[in-house]
Amino acid sequence: MKKLSKKERERIDEIIRRLIERYGGESRTYLEHNNAWQLLFATILSAQCTDARVNIVTKDLFRKYKTLEDFAGADLKEMEKDIYSTGFYHNKAKNIIACARMLLSEYGGEVPKELEKLIVLPGVGRKTANVVRGNIFDIPSIVVDTHVKRISKKLGITTTEDPVKAEFELMEVLPESVWIIWNLDVIALGREICVAGTPKCDRCFLADVCPSCKG
DNA sequence: CTCCCGATAT
DNA sequence: ATATCAGGAG
């Protein structure tokens, strides 16, 4: 970890402590799934879509397509209808089918745990890959989604809008034990209080340790 | 950088 | 009417 001033180290540790106190310190994804490839597909579907919507769609989707072979053999147009309400449905349907086929042809139907293997799967970037690594394989992983990008910067813990740079900045400052928790708890904070539009700083439990809070 | 895109909140 | 949502690819 990067060497910080004692004061800054204590500030970040206090933020972590309060996040865990409020939202929990255990790894638990918001996307419902029963196995690795289901979480992979759910995460692909979650691009620019609420996870509440994804969970509605995957409930029926995983009942209709029960195996990887079912996904690999799916009809594109029918899959587009099945996932329509998540948006970006053409790209997502195409990617999920291609992804299923690659998992079968390249990895014997198993989801690989290596970042380099995950990010070359169709529709899978660093964010999706790190969700799978953290939640399925318990590998410490920083997941930079829209909430983590926005709130980490507001808290003065990151200095950039670039998700990859933010990922490495967070790895330098957060202990490995909270990498996954940071993502999940910051999402919770982003929904309840530090919303994208007008953040509710007046009732934020991090107000006194957040440089973006004026009050 | 642009494009992909429906559902929901404001 | 506009902004935003567990982003990724060209």
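Only heavy atoms go into these numbers, but all of them, side chains included; no hydrogens, no water, no symmetry mates. In the text below, chain A, chain B and the rest are named by the order of the sequence lines, each starting its count at 1.
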Would you kindly compare A/Thr86 and A/Ile56 by the position of their nearest DNA chain B nucleotide and give the one closer to the 5′ end? A/Thr86

When A/Val111 is tested against each of A/Asn35, A/Leu118, A/Leu121 for side chain to side chain contact (heavy atoms under 4.5 Å, CB included), which residue passes? A/Leu118

Both A/Thr198 and A/Thr50 contact DNA chain B. Taking the nearest nucleotide for each, which residue is further toward the 5' end? A/Thr50

Just call it for A/Val124: base, sugar-phosphate, or nothing, with non-hydrogen atoms closer than 4.0 Å on any strand. sugar-phosphate

Applying a 4.0 Å non-hydrogen cut-off, can you work out what A/Ile44 is touching in the nucleic acid: base, sugar-phosphate, or nothing? nothing

Base, sugar-phosphate alone, or nothing: which one does A/Leu121 contact when heavy atoms must sit under 4.0 Å apart? sugar-phosphate

Check the orientation of A/Phe62 and A/Trp37. Use parallel for under 30°, tilted for 30 to 60°, and perpendicular for over 60°. perpendicular

Quick test of the criterion, 5.5 Å between centres and less than 30° between planes. Is A/Phe88 stacked on B/dC4 or not? yes

Along DNA chain C, first and last positions that approach a heavy atom of chain A under 4.0 Å: C/dT4 to C/dA9

Note, A/Lys127 side chain near A/Thr43 side chain (heavy atom, < 4.5 Å): yes

Between A/Val144 and A/Ala196, the residue closer to the 5' end of DNA chain C by nearest nucleotide is A/Ala196

Tested for side chain to side chain contact (heavy atoms under 4.5 Å, CB included) against A/Val144, the lone hit among A/Arg126, A/Glu167, A/Lys165 is A/Glu167

Please give me the minimum heavy-atom distance between A/Asp51 and A/Tyr30, naming the atom from each residue. OD2-CB, 3.2 Å

When the C1' atoms of B/dT2 and C/dA6 are compared, how many Å lie between them, rounded to an integer? 22 Å

Categorize A/Asn95 for me: base, sugar-phosphate, or nothing, with a 4.0 angstrom heavy-atom threshold over every strand shown. nothing

Categorize A/Thr43 for me: base, sugar-phosphate, or nothing, with a 4.0 angstrom heavy-atom threshold over every strand shown. nothing

